[in-house]
Amino acid sequence: MSVRDTVEIGLNRFARRGYDLDEVSIVPSRRTRDVDDVSTAWQIDAFRFGIPLVTSPSDAVVSPATAIAVGQAGGLGVLNAEGLWTRYEDPEPVYRKLRDAAGAGAPPVALLQDVYCEPVKPGLVAERIREMRDAGVTTAVRVSPQHTEQLAPAALKAGVDLLVIQGTIVSAEHVTTQGDALNLKQFIADLDVPVIVGGAANYTTALHLMRTGAAGVVVGVGADSFSTSDDVLGIRVPLASAIADAAAARRDYLDETGGRYVHVIANGRIETSGAIARALACGADAVQLGESLRIATEAPAGGIWWDSVAAHPRLPRGGTSAPVQPVGPLEQVLLGPAASSDGRTNLFGALARTMAKTGYRDLKEFQRVDLVIGGQAD
């Protein structure tokens with residue numbers, strides 16, 4: 001970090017200046033393209049997807065059925081292996097209880113904590129994976145770092161295609177005096193399936209996670225409109241800067257290994273098609289979306305939103321939302337046609353138009369687009 005990157009916030013105390021996605025803008029090049037000549041496809045390991053979408057593993061928006069629908073639309077649906085679908089044989093009454101408690105407002109966090117007291121059943125993890133596999137889509141489940149060794153065997157035995165190890169902050173080195181910590185590098189080396197890990201917030205963490213052998217690194221702490229991580233923990237990640245840092249780590253790791261590419265997946269308050277485009281322009285290979293999918297008719301919570309950390313039993317770091325009316329099926333939200341001009345539908349059709357208007361034919365090329373700071377930098 002150079003001196004120019006820092007601001008003195010007090011006597012001999014410096015902080016780095018970071019930028020969020022809404023502070024950067026994309027600059028068109030001298031060339032434009034026909035939108036039909038643009039590809040939004042990306043590939044991680046042997047799995048190819050038509051759109052750069054990885055869903056947030058939130059029970060509010062992902063059930064086995066919606067994970068299948070996301071896969072059929074060209075993205076990767078990630079089911080929470082520690083969520084309602086692996087705690088209850090039939091979670092529909094739980095969703096109904098949450099919707100009834102919401103009414104015109106939001107269901108209380110205490111109720112959310114209560115319904116997540118039911119223990120996770122490894123047998124249900126396997127059953128949900130088989131349900132998704134039988135539909136012919138790429139399957140992925142999320143486990144938290146602290147429960148990886150407990151739940152991963154059931155997921156692997158069921159034939160999961162991609163394993164996502166994700167928490168608010170995940171490090172390659174977790175120091176503990178409370179027993180053995182998960183050794184990510186050793187754990188990943190022993191697996192036959194690719195692993196996505198995260199979240200990372202800076203260059204150093206992203207590089208260390210890449211060195212574990214992960215196929216992808218989630219960048220950002222998943223902050224959404226209802227996140228309280230900043231209030232509770234004092235942690236906030238300016239996502240544009242975090243993505244650029246991780247992209248620099250990817251480039252250095254590519255040189256270090258002689259060609260091993262690790263994918264960067266951006267996560268945190270990416271709610272519109274413009275934010276998706278800016279995240280990819282900053283260097284991400286794909287985006288992780290959650291809250292923005294709650295307007296789809298297939299969202300199992302009926303328009304209510306909560307992140308997985310909102311139900312933490314001792315320190316919830318997010319709230320629940322009041323229900324919103326669905327605007328249309330998931331395919332319309334992702335691929336159009338748009339129902340409004342607010343950038344919340346036809347998310348990836350809009351991305352293709354951004355790429356066309358800036359002259360880039362694929363996502364790798366688009367990562368080289370010029371950016372400018374839209375607001376005051378100081």
Side-chain angles (χ1 to χ4, degrees), residues 43-47 54-57 67 76-83 86 119-130 132-133 138-222 246 249-250 252-254 256-257 259-265 267 285-286 288 308-309 312:
Q43 183 168 333
I44 182 166
D45 203 81
F47 305 103
V54 178
T55 66
S56 172
L76 175 63
V78 180
L79 186 73
N80 187 5
E82 300 171 30
T86 59
V120 173
K121 302 170 180 63
L124 282 178
V125 175
E127 183 179 327
R128 303 310 185 197
I129 291 169
R130 285 192 288 267
M132 295 185 291
R133 282 184 63 85
T138 302
T139 59
V141 295
R142 171 263 179 185
V143 292
S144 63
Q146 59 267 38
H147 294 132
T148 294
E149 293 183 320
Q150 174 192 354
L151 296 176
L156 297 168
K157 187 174 181 180
V160 73
D161 294 314
L162 285 152
L163 186 67
V164 181
I165 302 175
Q166 185 173 3
T168 302
I169 298 290
V170 174
S171 65
E173 179 184 0
H174 179 67
V175 180
T176 180
T177 58
Q178 309 301 314
D180 295 331
L182 174 67
N183 185 320
L184 267 178
K185 187 171 185 177
Q186 180 180 326
F187 180 82
I188 291 173
D190 292 338
L191 295 184
D192 293 327
V193 302
V195 177
I196 297 171
V197 297
N202 56 25
Y203 170 93
T204 303
T205 306
L207 182 60
H208 284 186
L209 289 177
M210 291 172 186
R211 288 172 175 163
T212 66
V217 172
V218 178
V219 177
V221 297
R250 178 184 60 205
D252 290 346
Y253 182 68
L254 197 66
E256 180 182 301
T257 58
R260 185 174 186 275
Y261 190 93
V262 179
H263 296 267
V264 172
I265 301 164
N267 178 32
D285 298 288
Q288 191 167 48
S308 56
V309 293
H312 194 282

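If you read the sequence from its start, that first residue is 1, and numbering goes on from there.
For Ala158 against Arg133, the heavy-atom pair with the smallest separation is O-CD, 3.4 Å. Between Ala155 and Val141 the shortest heavy-atom distance is CB-CG2, 3.9 Å. Scanning both residues, Ala200 and Val217, for their nearest heavy atoms gives CB-CG1, 4.0 Å. The two atoms that bring Leu163 and Leu191 nearest to each other are CD2-CD1, 4.2 Å, heavy atoms only. In terms of heavy-atom proximity, Pro194 sits nearest to Leu162 at CG-CD2, 3.3 Å. The two residues Val125 and Ala81 come nearest to each other via the heavy atoms CG2-O, 3.7 Å.
For the salt bridge (Lys or Arg N to Asp or Glu O under 4.0 Å) test, no residue two or more places apart in sequence or in another chain qualifies with Arg260. In this structure, Lys157 has no salt bridge (Lys or Arg N to Asp or Glu O under 4.0 Å) partners at least two apart in sequence or on a different chain. Scored by the side-chain contact (heavy atoms from CB on, under 4.5 Å) test, Ala249 finds Tyr203, Ala206, Leu207, Met210 as partners (sequence neighbours excluded). Shown here are the side chain to side chain donor-acceptor pair (under 3.5 Å) partners of Asn202, two or more places apart in sequence or in another chain: Thr205. In terms of the salt bridge (Lys or Arg N to Asp or Glu O under 4.0 Å) criterion, Glu127 has no residue partners (sequence neighbours excluded). Scored by the side chain to side chain donor-acceptor pair (under 3.5 Å) test, Arg130 finds no partners at all (sequence neighbours excluded). For Phe47, the ring-ring contact (aromatic ring centres under 6.0 Å, His included) test picks out no residue, with sequence neighbours left out. With sequence neighbours excluded, the residues satisfying side chain to side chain donor-acceptor pair (under 3.5 Å) with Asp285 are Arg250, Tyr261, Lys364, Gln367. Remark: Ser144 engages Glu82, His147 in a side chain to side chain donor-acceptor pair (under 3.5 Å) (not counting sequence neighbours).
No donor-acceptor pair under 3.5 Å is formed between the side chain of Gln150 and the backbone N or O of Ala152. Judged purely by atom type and a 3.5 angstrom limit, His263 uses its side chain to pair as donor or acceptor with the backbone of Gln43. Checking side-chain atoms of Ser56 against main-chain N and O of Gln288 turns up no donor-acceptor pair under 3.5 Å. Of the possible polar contacts, none joining the Thr86 side chain to the Val120 backbone as a donor-acceptor pair under 3.5 Å is found. Side chain of Lys185 to main chain of Asn183: no donor-acceptor pair is present (N/O by atom type, distance under 3.5 Å, no hydrogens or angles).
For residues 196-219, the salt bridge (Lys or Arg N to Asp or Glu O under 4.0 Å) pairs, not counting sequence neighbours, are Arg211-Glu256. Within the structure, salt bridge (Lys or Arg N to Asp or Glu O under 4.0 Å) pairs that include any residue of residues 188-201 do not occur (at least two apart or interchain).
When each of Val218, Val78, Leu209 is paired with Ile196, the side-chain contact (heavy atoms from CB on, under 4.5 Å) condition holds for Val218 and for no other.
The closest side-chain heavy-atom distance from Thr139 to Arg128 is not below 4.5 Å. Side-chain atoms of Val219 and Ile265, non-hydrogen and from C-beta on, never get closer than 4.5 Å to each other.
In this structure, CD1 on Ile188 lies 3.5 Å from OG1 on Thr212, to the nearest 0.5 angstrom. The line from CG of Leu151 to NZ of Lys121 is 12.0 Å long, rounded to the nearest 0.5 Å. Remark: Ile44 CD1 to Asp161 CG distance equals 12.0 Å, nearest 0.5 Å.
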